[in-house]
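A quick write-up on the structure given underneath.
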Amino acid sequence: GIGFAIGYYCKSTSRYQKRRRNEIKKMEEELPDALFKLGSRIAEGEPLETALRKVSDSMKDTKIAELFKRISYTIQVTRSTPEEAIFGKEFGVLSDLPSRNIKAAMKTVIECVKKDAFTAGAIIINISNYQRDMKKVEHDIKTSLSQTVEMMKSTGIIFAPLVMGIT
(Lines give C-alpha, C1' and ligand atoms only; values in the text may rest on other atoms or scores of the structure.)
Protein backbone atom coordinates (compact mmCIF):
# COMPACT_ATOMS: atom_id res chain seq x y z
CA GLY A 1 0.00 0.00 0.00
CA ILE A 2 2.80 2.41 0.86
CA GLY A 3 4.63 1.57 -2.34
CA PHE A 4 1.48 2.14 -4.38
CA ALA A 5 0.90 5.54 -2.71
CA ILE A 6 4.48 6.64 -3.35
CA GLY A 7 4.34 5.43 -6.97
CA TYR A 8 1.04 7.22 -7.60
CA TYR A 9 2.40 10.45 -6.09
CA CYS A 10 5.57 10.32 -8.18
CA LYS A 11 3.67 9.58 -11.39
CA SER A 12 1.10 12.32 -10.82
CA THR A 13 3.69 14.96 -9.96
CA SER A 14 5.95 14.17 -12.92
CA ARG A 15 3.21 14.08 -15.57
CA TYR A 16 3.61 17.75 -16.52
CA GLN A 17 7.41 17.53 -16.73
CA LYS A 18 7.21 14.45 -18.95
CA ARG A 19 4.72 16.10 -21.29
CA ARG A 20 6.90 19.24 -21.44
CA ARG A 21 10.02 17.14 -22.15
CA ASN A 22 8.23 15.34 -24.98
CA GLU A 23 7.14 18.68 -26.48
CA ILE A 24 10.71 19.96 -26.39
CA LYS A 25 12.01 16.75 -27.98
CA LYS A 26 9.42 17.14 -30.72
CA MET A 27 10.50 20.76 -31.30
CA GLU A 28 14.15 19.72 -31.51
CA GLU A 29 13.29 17.05 -34.08
CA GLU A 30 11.42 19.60 -36.20
CA LEU A 31 14.06 22.32 -35.84
CA PRO A 32 16.37 21.35 -38.77
CA ASP A 33 13.51 21.46 -41.29
CA ALA A 34 12.26 24.75 -39.89
CA LEU A 35 15.75 26.27 -39.98
CA PHE A 36 16.19 25.17 -43.58
CA LYS A 37 12.95 26.87 -44.58
CA LEU A 38 13.81 29.94 -42.49
CA GLY A 39 17.26 30.17 -44.08
CA SER A 40 15.76 29.91 -47.56
CA ARG A 41 13.28 32.70 -46.81
CA ILE A 42 15.94 34.96 -45.33
CA ALA A 43 18.29 34.30 -48.27
CA GLU A 44 15.49 35.51 -50.55
CA GLY A 45 15.66 38.84 -48.72
CA GLU A 46 12.67 38.63 -46.41
CA PRO A 47 12.93 40.17 -42.95
CA LEU A 48 13.10 37.83 -39.97
CA GLU A 49 9.56 38.55 -38.73
CA THR A 50 8.00 37.79 -42.11
CA ALA A 51 10.16 34.73 -42.64
CA LEU A 52 9.22 33.35 -39.21
CA ARG A 53 5.52 33.87 -39.92
CA LYS A 54 5.71 32.23 -43.36
CA VAL A 55 7.66 29.26 -42.02
CA SER A 56 5.12 28.80 -39.23
CA ASP A 57 2.31 28.95 -41.78
CA SER A 58 3.98 26.37 -44.01
CA MET A 59 4.66 23.98 -41.10
CA LYS A 60 1.17 23.95 -39.58
CA ASP A 61 0.37 21.59 -36.71
CA THR A 62 3.96 21.34 -35.51
CA LYS A 63 5.41 22.50 -32.20
CA ILE A 64 8.20 24.50 -33.84
CA ALA A 65 5.60 26.33 -35.96
CA GLU A 66 3.82 27.39 -32.77
CA LEU A 67 7.12 28.66 -31.38
CA PHE A 68 7.95 30.61 -34.55
CA LYS A 69 4.43 32.05 -34.61
CA ARG A 70 4.80 33.20 -31.00
CA ILE A 71 8.14 34.83 -31.80
CA SER A 72 6.73 36.61 -34.85
CA TYR A 73 3.68 37.76 -32.91
CA THR A 74 5.81 39.04 -30.03
CA ILE A 75 8.05 41.00 -32.40
CA GLN A 76 5.04 42.61 -34.09
CA VAL A 77 3.01 43.38 -30.96
CA THR A 78 5.76 44.64 -28.66
CA ARG A 79 7.66 46.44 -31.44
CA SER A 80 10.85 45.12 -29.92
CA THR A 81 13.98 43.84 -31.56
CA PRO A 82 14.07 40.16 -32.44
CA GLU A 83 16.67 39.58 -29.72
CA GLU A 84 14.42 41.12 -27.05
CA ALA A 85 11.37 39.22 -28.34
CA ILE A 86 13.18 35.91 -28.22
CA PHE A 87 15.50 36.21 -25.20
CA GLY A 88 14.19 39.23 -23.27
CA LYS A 89 13.32 38.99 -19.60
CA GLU A 90 9.87 40.52 -19.95
CA PHE A 91 8.48 39.21 -23.26
CA GLY A 92 11.10 36.62 -24.26
CA VAL A 93 9.50 33.62 -25.90
CA LEU A 94 12.48 31.35 -25.18
CA SER A 95 13.06 32.57 -21.63
CA ASP A 96 11.15 29.60 -20.18
CA LEU A 97 12.33 27.01 -22.72
CA PRO A 98 15.07 24.74 -21.30
CA SER A 99 16.38 23.55 -24.69
CA ARG A 100 19.95 24.70 -25.23
CA ASN A 101 19.81 23.46 -28.82
CA ILE A 102 16.91 25.70 -29.80
CA LYS A 103 18.29 28.68 -27.88
CA ALA A 104 21.70 28.36 -29.52
CA ALA A 105 20.17 28.03 -32.98
CA MET A 106 17.97 31.10 -32.50
CA LYS A 107 20.88 33.13 -31.07
CA THR A 108 22.88 32.25 -34.18
CA VAL A 109 19.94 33.18 -36.40
CA ILE A 110 19.68 36.59 -34.72
CA GLU A 111 23.40 37.26 -35.04
CA CYS A 112 23.38 36.21 -38.71
CA VAL A 113 20.37 38.32 -39.61
CA LYS A 114 22.24 41.42 -38.42
CA LYS A 115 24.63 40.82 -41.34
CA ASP A 116 23.93 40.34 -45.03
CA ALA A 117 20.65 38.53 -45.83
CA PHE A 118 22.15 36.11 -48.37
CA THR A 119 25.01 35.15 -46.05
CA ALA A 120 22.62 34.80 -43.11
CA GLY A 121 20.40 32.47 -45.13
CA ALA A 122 23.38 30.34 -46.14
CA ILE A 123 24.62 30.11 -42.54
CA ILE A 124 21.16 29.15 -41.26
CA ILE A 125 20.88 26.45 -43.93
CA ASN A 126 24.33 25.16 -42.90
CA ILE A 127 23.17 25.02 -39.27
CA SER A 128 20.16 23.01 -40.41
CA ASN A 129 22.38 20.57 -42.29
CA TYR A 130 24.71 20.30 -39.29
CA GLN A 131 21.80 19.45 -36.98
CA ARG A 132 20.53 16.83 -39.42
CA ASP A 133 23.99 15.28 -39.51
CA MET A 134 24.16 15.28 -35.71
CA LYS A 135 20.78 13.51 -35.51
CA LYS A 136 22.05 10.91 -37.98
CA VAL A 137 25.23 10.36 -35.95
CA GLU A 138 23.19 10.04 -32.75
CA HIS A 139 20.93 7.48 -34.42
CA ASP A 140 23.93 5.52 -35.69
CA ILE A 141 25.52 5.49 -32.24
CA LYS A 142 22.30 4.30 -30.63
CA THR A 143 21.95 1.59 -33.26
CA SER A 144 25.50 0.36 -32.86
CA LEU A 145 25.34 0.39 -29.05
CA SER A 146 21.87 -1.12 -28.75
CA GLN A 147 23.12 -4.69 -29.00
CA THR A 148 25.71 -4.11 -26.27
CA VAL A 149 23.21 -2.40 -24.01
CA GLU A 150 20.69 -5.21 -24.45
CA MET A 151 23.39 -7.77 -23.64
CA MET A 152 24.28 -5.86 -20.47
CA LYS A 153 20.62 -5.65 -19.43
CA SER A 154 20.01 -9.34 -19.94
CA THR A 155 23.22 -10.21 -18.10
CA GLY A 156 22.13 -8.02 -15.19
CA ILE A 157 18.67 -9.58 -15.14
CA ILE A 158 20.05 -13.12 -15.13
CA PHE A 159 23.13 -12.77 -12.93
CA ALA A 160 21.98 -10.17 -10.39
CA PRO A 161 19.42 -12.50 -8.74
CA LEU A 162 21.91 -15.36 -8.93
CA VAL A 163 24.62 -13.36 -7.15
CA MET A 164 22.15 -12.05 -4.58
CA GLY A 165 20.94 -15.61 -3.93
CA ILE A 166 24.46 -16.89 -3.42
CA THR A 167 25.33 -13.94 -1.18
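Starting from 1, each residue takes its place in the sequence as its number.
Contact record, Ser56 with Ala65: CB-O, 3.2 Å, taken as the closest heavy-atom pair. Here the closest heavy-atom approach between residue Gln131 and residue Leu35 is recorded as OE1-CD1, 3.8 Å. Here the closest non-hydrogen pair linking Pro161 and Gly156 is CD-O, 3.9 Å. The two residues Lys115 and Glu111 have their closest heavy-atom pair at CG-O, 3.8 Å. Here the closest heavy-atom approach between residue Ala85 and residue Ile75 is recorded as CB-CG1, 3.4 Å.
Met27 and Ile86 end up in the same hydrophobic cluster when Ile, Leu, Val, Met, Phe, Trp and Tyr side chains are linked at under 4.5 Å. Note: the hydrophobic cluster containing Ile123 does not contain Phe36 (ILVMFWY, side chain heavy atoms under 4.5 Å, direct or indirect links). When hydrophobic clusters are built by joining Ile, Leu, Val, Met, Phe, Trp and Tyr residues whose side-chain heavy atoms come closer than 4.5 Å, directly or via intermediates, Leu145 is grouped together with Val137. No path of Ile, Leu, Val, Met, Phe, Trp and Tyr side chains, each step under 4.5 Å between heavy atoms, connects Ile125 with Met106, placing them in separate hydrophobic clusters. Linking ILVMFWY side-chain heavy atoms closer than 4.5 Å, directly or via other members, places Val109 and Tyr73 in two distinct hydrophobic clusters.
For NZ of Lys25, the number of neighbouring non-hydrogen atoms (other residues, nucleotides, ligands) closer than 6.0 Å is 12 at most. The environment of CD in Gln17 is crowded: more than 12 heavy-atom neighbours from other residues, nucleotides or ligands sit within 6.0 Å. Under a cut-off of 6.0 angstrom, the local environment of NZ in Lys26 is sparse, with at most 12 non-hydrogen atoms contributed by other residues, nucleotides or ligands.
Here the CD1-CG distance, from Ile64 to Asp33, works out to 10.0 Å after rounding to the nearest 0.5 Å. One distance of note links CE of Met151 with OG1 of Thr148; it measures 7.5 Å at 0.5 Å rounding. To the nearest 0.5 Å, the span separating OG1 on Thr74 from CG on Leu94 amounts to 9.5 Å. For the atom pair CD1 (Ile42) and CG (Leu52), the distance works out to 7.0 Å, reported to the nearest 0.5 Å. One distance of note links CD1 of Ile141 with OG of Ser146; it measures 12.5 Å at 0.5 Å rounding. Lys37 NZ to Asp57 CG: the interatomic distance, rounded to the nearest 0.5 Å, is 11.0 Å.
With Ser72 contributing its side chain and Lys69 its backbone, the two residues share no donor-acceptor pair below 3.5 Å. Side chain of Thr81 to backbone of Glu84: a donor-acceptor contact under 3.5 angstrom is found. Thr62 places a side-chain N or O within 3.5 Å of a backbone atom of Met59 that can act as its donor or acceptor partner. Judged by distance alone, the side chain of Glu30 and the main-chain N or O of Lys63 form a donor-acceptor pair under 3.5 Å.
A salt bridge links Glu23 to Arg20: at least one charged side-chain nitrogen sits closer than 4.0 Å to a carboxylate oxygen.
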Where do Ser128 and Arg132 land on the side-chain contact (heavy atoms from CB on, under 4.5 Å) test, with the steps shown first?
-> CA-CA 6 Å; Ser128 169; Arg132 279 194 188 114; 3.5 Å; yes
Apply the test salt bridge (charged side-chain N to carboxylate O under 4.0 Å, His left out) to residues Glu49 and Arg53: give CA-CA distance (whole Å), side-chain angles for both, the deciding distance (0.1 Å), then the verdict.
-> CA-CA 6 Å; Glu49 308 84 48; Arg53 190 180 68 247; over 6 Å; no
Phe159 and Leu162: CA distance, side-chain angles, deciding distance, side-chain contact (heavy atoms from CB on, under 4.5 Å) verdict = CA-CA 5 Å; Phe159 288 117; Leu162 182 65; 4.0 Å; yes
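Evaluation of the side-chain contact (heavy atoms from CB on, under 4.5 Å) rule for Lys107 yields Glu83, Phe87 as partners, not counting sequence neighbours.
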